[in-house]
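Start at 1 and go down the list; that is how both ligands and their atoms are numbered. Note that these values count all heavy atoms, side chains included, but never hydrogens, waters or copies made by symmetry.
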Amino acid sequence: MKAIRFHEFGGPEVLKYEDVPEPVLRKDHVLIRVKACALNHLDLWTRKGLPGVKLPHINGSDVAGVVEEIGEYITGIQKGQRVLLAPMLFCNHCQSCTNGQQSFCRQFTVLGNMVDGGNCELIAVPQVNVIPIPDSMSFEHAASVPLVFLTAWHMLVSRAKLRQGQWVLVLGAGSGVGSAAIQIARMFHCNVIATAGDDSKMQKARELGADHTIDHYKQKISDEVKRITNKRGVDITFEHVGVATWQESMKSLKIGGTIVTCGATTGYDANIDLRVLFAKQLSFLGSFMGTMGDLHEVLGHVFAGRLKPVVDRTFPLSETAEAHRYLQSSQMFGKVVLTV
Ligand SMILES: [Zn+2]
């Protein structure tokens, strides 16, 4: 089969469109013919080199496709079903997994991180990963959902305990997680302030449900938040940008506010003023992926149309290197998706 594989870490040029062996189907696995696979920043990090990634490697965490073949032990799934894949692998029998905390499992990994992912034509996964999608949903839309909606839901609902009517500041509306977070906060009838890098992205953020927008290149985020909230500050800051916005994200919190973060796209070496942390009684929460329960819960809202996948642009699988360059340039609003 064809796949995008890299044999060394480096820039987009290391991504090779080449023939690789087809996966051998285990009796307890399901073989999926990949139709679409969304990109994430994780693909860029993995390509540049992360500990534990074995070469050669196939990226790809967010997969949608059709069931091609089922293992002998599989029941409840039919050949030809349209599905998306849960973007994580876990042992499914340890204490954490059976307690519903899959991301605490010692064997936990993101699909396409420590194991080969979906930048290819065929992928074999455990049945627990295979989730049917509505007929009305395109593969491009389905592939753009799992990782970012799972991450944003886990951050806001499971970690930060989002409640109706709260003020929420969403950093980087143009990113996949940002566009998911705006919609989730809106669904909870929150007051949403979103930041973006230009007028057209701010307009799109408002169309997704942001009540207020801030140009994070031209305006000082915390000053604008103070103005918009009448000096109160926000209940929750949704962070994933890192060093470039961290101080402003902290300053935008109300007394007793919560900052929840899932990433450090612009750098991880951020400072925390401990005086502000204790005097303002802030809560700092880390979040990574989410649980299978979170995924099923958020997918219920997506399948019902209450949350909408945001696809910026698609590229054919053979042009994955170009898609990586595009994602790196941060021009997108929403997801960049490979079609297979
Ligand atoms: Zn486990």
Parallel, tilted or perpendicular, as decided by the 30° and 60° cut-offs, for the rings of F9 and F6: tilted
Carboxylate-amine/guanidinium proximity below 4.0 Å for R186 and D211: yes
Ion pair check, E69 and K79, cut-off under 4.0 Å: yes
Under 3.5 Å, which donor-acceptor pairs link side chains of residues 117-127 to any protein atom two or more places apart or in another chain?
| residue | atom | partner | partner atom | Å |
| --- | --- | --- | --- | --- |
| N119 | ND2 | N59 | O | 3.4 |
| E121 | OE1 | K2 | N | 2.8 |
| Q127 | NE2 | T75 | O | 2.6 |

The Zn ion (ligand 1) neighbourhood, protein N/O/S only, threshold under 2.8 Å: C91 SG, C94 SG, C97 SG, C105 SG
Under-4.0 Å salt bridge between K204 and E207: no
Test side-chain hydrogen bond (donor to acceptor under 3.5 Å, both in side chains) applied to E239 and S249, step by step: CA-CA 7 Å; E239 245 294 340; S249 293; 2.7 Å; yes
